[in-house]
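Here is the structure we will look at.
Protein chains get the first letters and strands the later ones, always in sequence-line order, with residue 1 at the start of each.
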There are 2 protein chains.
Amino acid sequence: MRPTVHDIAAEAGVSLATVDRVLNARPGVRRKTVDKVQAAVERLGYVRDVSAANLAKKRTYPLVFILPEGPNSFMRGLEAEIRAAMQRSPVERTAIRIETVPPFDPAAIVGVLDSLDPAEVNGVALVATDTPDVSAAVDRLVDRGVHVATLVSDLPGSQRIHFCGIDNLAAGRTAGGLIGRFCNGRAGKVLVVAGSMKLSDHMDRASGFAAVLRSEFPDLEIVGPVETNDDADTVRQAVTAALDAETEIIAIYSLGAGTRGLIEALPDREQRKLAVVAHEVTEHSRQALAEGLFDAVINQDCGHEVRSAIRVLKARADGLMPISAQERIRIDIFLKDNLP
Amino acid sequence: MRPTVHDIAAEAGVSLATVDRVLNARPGVRRKTVDKVQAAVERLGYVRDVSAANLAKKRTYPLVFILPEGPNSFMRGLEAEIRAAMQRSPVERTAIRIETVPPFDPAAIVGVLDSLDPAEVNGVALVATDTPDVSAAVDRLVDRGVHVATLVSDLPGSQRIHFCGIDNLAAGRTAGGLIGRFCNGRAGKVLVVAGSMKLSDHMDRASGFAAVLRSEFPDLEIVGPVETNDDADTVRQAVTAALDAETEIIAIYSLGAGTRGLIEALPDREQRKLAVVAHEVTEHSRQALAEGLFDAVINQDCGHEVRSAIRVLKARADGLMPISAQERIRIDIFLKDNLP
DNA sequence: CTGTTAGCGCATTCAA
DNA sequence: TTGAATGCGCTAACAG
């Protein structure tokens, strides 16, 4: 039988309330008494029953998710997962609020961050542009006692407690390895299409990709990256223009969004064979994969990311450590053969 | 505020005990009263607070894991994950026992299954050979009221409530797609090495692989599958013999274990270039990937599988449905670039 | 500074 | 067939 607060109280020769004070690091206990209780905890190997504590506290975890608005399919999928988590709120004792901001607008993110009341919010998960002002706003919020986790795109210089997303450097390398093998010895150029270099995930993917091509596939030369702000029409125009201008392009790596535009710009496979790797499984990319227009799609499971963010933020609010292996978001590679 | 049993009792005009009887489908309540309570539940939208219930019940979930003993790295990794879950037992209210049986020994599995006492065991997760006797034993156990989940390899004809593993048909297809692309137009033979066709996961992978080669890469001809009982020495001998006998082999798909033997049998890459795809990230396969000996490794996250099995079995014991997306085990594809 | 007491939402005796 | 009372492990007033 696991020891309880009663056992600790008896062992330490104090009352329940005192034990509770020590366990929750509340003031008003003599140094001497604190030590006695902690010794008893050690001796009996006590671990607090979190669900009993939560029951007594009627605890809920007020959480805020900040993400870009707009037509980006991936972001809308992310939002859907957050809404799914909201459905489970009664069971998970969460109270989740979603704040959407215009995409690529650091000031808007800062505005939301600064408007948050630490008394009303326990944790924040946000999809952020990696800019100094956002980093500073995150740090301010952390200083005010709110736990912050980054989602999808990281803020490496900030005080965020956790990044819920994939290793984007490795994702870029993976794309490089895939495209290199798919081109299989042919020499030529690879067009790289990105959303914005203000996003650390896009930056990392581009670096990882370039590193692998440079070291392992020196016959492939990078064109770009061209920035499209993740807008489908811009992507379409950019890709069309590049393919017209450079006849030696034999592959495309699209590391951002706007996948619909990419698909529209792709020439008929019969007339020009291109190895294509893109990111995120969405309605569009799924179909492109199935039709053989894309060779591979690299994906991050946004459901996993949302659930992980919630677990991490809750655990942190309770001062616990989450199961780290469970919080590692995988780089999913989809071919048409393993599409879920 | 969520309604509680008190609210239901008041709404239905009965006592707490009666509400509890109805909620837990215990006998000794008039039909009429049952209806009143159920109506109140509907009206207020009551959902039971599982953690409060578990606290009151001092509930624990006694679970048994059955898996093969022996040197198979993947199985030992699986066992390590189960032991990690045992560490979390106090928090998760589980009481986990591991039973190991000789590999490829249906009778041993049946023996363990039949020895289980439904009064002492809540759920069972097992790695099973897909043979009729094991299926029958699983069904007997289910009939005695124990929930059974299959782990890694499924028992499609049985009454198991859930399969905690990957879609092995899709995994085989994926391997086919990968090898097909890596061979890139070259014609030749592909050696398929399997553990045992008594395992449904191996069967499925072989079928999926063959299907893709047939439809998409007709220039590749399958040699095998050769069965090795997942023994490294047997794998080594079989692969060496095949490579000597068939000079047209240009690729190898190893869909079972004994990966160490495969690595030992692989010729120097300079003298003979082979596309190689194997399963499961282990110490050996990880190194082979890093060195460029393997082109890709298909993996299933056994930590995820174990945690999923526990969640599913617990949920089932409480009569709940788990989050299905969370229980889908991914087909992980690792190149050397995205090795974790 | 410390202890007593009354719940949190639910399950389970024991009476009636 | 039903209800009242007690306790699970923990927290939070309120006294002392």
Any [X] side-chain nitrogen or oxygen under 4.0 Å from OP1 or OP2 of [N]:
X	N	result
A/T18	C/dG3	yes
A/T4	D/dG9	no
A/R2	D/dG9	no

Are [X] and [Y] ion-paired here, with the side-chain N under 4.0 Å from a carboxylate O?
X	Y	result
A/D139	A/R160	no
B/E81	B/R83	no
A/R330	B/D301	yes
A/R48	A/D20	no

Contacting residues from residues 46-61 of chain A, given that a heavy atom lies under 4.0 angstrom of DNA chain C: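 Output list: A/L55, A/A56, A/K58.
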Residue of the set B/V29, B/D35, B/V41, B/T33 for which side-chain contact (heavy atoms from CB on, under 4.5 Å) holds with B/V22: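 Answer after filtering B/V29, B/D35, B/V41, B/T33: B/V29.
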Taking [atom1] from [X] and [atom2] from [N], how many angstroms apart are they, rounded to a whole number?
X	N	atom1	atom2	result
A/K36	C/dC1	NZ	P	14 Å
B/H6	C/dC8	NE2	C1'	10 Å
A/D20	D/dG9	CG	P	15 Å
B/L44	C/dG9	CG	P	14 Å

Which residue lies more 5' along DNA chain D, comparing A/L23 with B/L16 via nearest heavy atoms: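 So the residue in question is B/L16.
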Straight-line distance of A/N122 CG to A/R59 CZ, nearest 0.5 Å: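 A/N122 CG to A/R59 CZ: 5.0 Å, rounded to 0.5 Å.
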Sugar-phosphate only, base, or nothing, as touched by A/R26 at under 4.0 Å among non-hydrogen atoms: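 Touches sugar-phosphate only.
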5′-ward residue of the pair B/R21/A/V29 relative to DNA chain C: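 This one resolves to A/V29.
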